[in-house]
Amino acid sequence: MTWASTHDGRPLLGGIEAGGTKFVLATGYTPGVIQDRHVLPTLDPDTTLDAAAAWFASRGQIAALGIGSFGPVELDRGRARWGHILNTPKPGWSGCDLAGVLQSRLGAPIALDTDVNAAALAEYGLGAGRGAAATAYITIGTGIGAGFVIDGRSLRGAGHPEFGHIYLRRDADDRTFPGICPFHGDCLEGVASGPAILARWGATLSDLPPGHEAHRRIAGYLAQACHTIFAAMAVEVIVLGGGVAHAPGLVETVARETARIGAGYLPGRDRQRIAKPQLGDDAGITGALLLAEGLIARSSP
């Protein structure tokens, strides 16, 4: 197979990290090395996808496009709505044929996953999870989500994981805040996401002073989430990313608290660790390029 745009025999890959506030676009010949990058605000679907398609067209013919998208999104290629954004609170995006529109405009095959699965794939292959059999990536920001990669493949089944909506054991002296999730109230996302912190304490976690109770509360709830993943999935590495995770000392505190509540019980606990993203804010877009590379690899003779 011959590609229109190549470098040293390698085809040009495209990637999109499709977020609720911005689309990060990138091209590259090697997934870990971004050749060009562009950022678009997430406006209505027509405006956003037209601008994305135009930018890729200006960079040359891409061989494949990997998309790590906000959700919920249909990932099952056997279903009629594959590649569509499902019922989302993002105005105007419910029902958007994200993959179909871009495939039609660019004439390139599409590899699609969630944004957090894409980030997990990147950290697994090139970052903090390199060398592990299984890696989880938790993003804590406007929402909370988790992606899981096991033996190089992201976890999916009836849908994709919605880990932010697990229920927690609330602290005995922390029962009055109802949580902000419109579906579940005080699920993990309802009490520990960025908007939940802002709704409860009127500031971001990074802006609250070090001794403020919010730091202890949020670290404790995130530690419960990490313990749950270690116990249920037996992953070796959990990477904590997203805006809330930038709060000074949070990742270290979560790691200590996870070890404490685990009480030394789990087999293999000495091999399990909690880490910051080695790829930083590039984890999602790097994962999108890896998705594109995987599609090319599967289609090559």
Side-chain angles (χ1 to χ4, degrees), residues 1-7 10-31 33-119 121-122 154 156 160 282-300:
M1 188 175 292
T2 302
W3 310 110
S5 300
T6 62
H7 177 72
R10 296 192 299 268
L12 182 63
L13 308 172
I16 298 178
E17 182 183 6
T21 59
K22 65 182 179 181
F23 271 42
V24 181
L25 319 177
T27 60
Y29 298 97
T30 302
V33 181
I34 294 171
Q35 184 83 10
D36 291 303
R37 177 202 303 265
H38 187 57
V39 178
L40 299 170
T42 305
L43 304 174
D44 63 275
D46 287 344
T47 302
T48 306
L49 299 185
D50 283 351
W55 184 81
F56 281 113
S58 74
R59 314 321 294 169
Q61 178 62 48
I62 60 173
L65 177 68
I67 306 174
S69 177
F70 71 93
V73 60
E74 181 57 69
L75 299 180
D76 186 344
R77 284 185 177 268
R79 299 182 69 86
R81 299 188 73 193
W82 172 80
H84 286 66
I85 302 293
L86 303 178
N87 293 327
T88 176
K90 182 67 177 173
W93 283 84
S94 292
C96 171
D97 186 5
L98 176 66
V101 169
L102 290 169
Q103 190 168 39
S104 174
R105 292 288 301 274
L106 297 173
I110 304 288
L112 176 68
D113 213 325
T114 65
D115 49 359
V116 69
N117 267 348
L121 185 65
S154 63
R156 60 177 77 174
H160 50 76
D282 283 341
I285 190 60
T286 301
L289 291 170
L290 283 168
L291 289 169
E293 183 193 44
L295 193 59
I296 294 299
R298 290 193 296 275
S299 66
S300 298

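Computed over heavy atoms, backbone and side chain alike; hydrogens, waters and symmetry mates excluded. Just so it is clear, the model here is predicted, and its values are computed rather than measured.
A heavy-atom distance below 4.5 Å is not found between the side chains of T21 and P41. In this structure, the side chains of Q35 and T30 stay at 4.5 Å or more apart for every pair of heavy atoms.
Between atom OG of residue S58 and atom NE2 of residue H38 there is a gap of 8.0 Å, rounded to the nearest 0.5 Å. Put simply, OG1 on T27 and CG on L65 are 11.0 Å apart, with the number rounded to the nearest 0.5 Å. Note that CD1 of I110 and OG of S104 are 10.0 Å apart. Values are rounded to the nearest 0.5 Å. Of the inter-residue distances, the one linking F56 atom CZ with L106 atom CG reads 7.0 Å to the nearest 0.5 angstrom. The line from CD1 of I16 to CG of L291 is 11.5 Å long, rounded to the nearest 0.5 Å. Here the CZ atom belonging to F23 is positioned 13.5 Å from the CH2 atom belonging to W55, to the nearest 0.5 angstrom.
Between the side chain of K22 and the main chain of T42, no donor-acceptor pair closer than 3.5 Å is present. Checked by atom type and distance alone, the side chain of H84 never pairs as donor or acceptor with a backbone atom of L98 at under 3.5 Å. W93 places no side-chain N or O within 3.5 Å of a backbone atom of N87 that could act as its donor or acceptor partner. One N or O on the side chain of T114 and one on the backbone of N117 form a donor-acceptor pair closer than 3.5 Å. A donor-acceptor contact shorter than 3.5 Å links the side chain of S94 to the backbone of T88. Using modelled atom types, one side-chain atom of T48 and one backbone atom of L43 make a donor-acceptor pair closer than 3.5 Å.
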Practice task
Let me see the working for V39 and L25 under side-chain contact (heavy atoms from CB on, under 4.5 Å), right down to the final yes or no.
Solution key: CA-CA 6 Å; V39 178; L25 319 177; over 6 Å; no
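Looking at every heavy atom in both residues, G284 comes nearest to A118 through O-CB, 3.8 Å. Counting all heavy atoms, side chain and backbone alike, A18 lies closest to I67 at CB-CG2, 4.4 Å. The minimum heavy-atom distance between A122 and G287, with the atom names listed, is CB-N, 3.5 Å. Between G92 and P45 the shortest heavy-atom distance is O-CG, 3.3 Å. Nearest approach of A64 to I296, heavy atoms of both residues: CB-CD1, 3.7 Å. Smallest separation of non-hydrogen atoms from A292 and A111: N-CB, 4.4 Å.
Ion pairing between a basic and an acidic side chain is recognised when a charged N comes within 4.0 Å of a carboxylate O; D282 and R37 show such pairing. For R156 and D113, the salt-bridge test passes: some basic side-chain N is under 4.0 Å from an acidic carboxylate O. For the pair E74 and R81, the salt-bridge criterion is not met [side-chain N within less than 4.0 Å of a carboxylate O].
Within a 6.0 Å sphere centred on CZ of R77, other residues, nucleotides and ligands contribute more than 12 heavy atoms.
A search for side-chain contact (heavy atoms from CB on, under 4.5 Å) contacts involving L289 returns L13, A26, P31, I34, not counting sequence neighbours.
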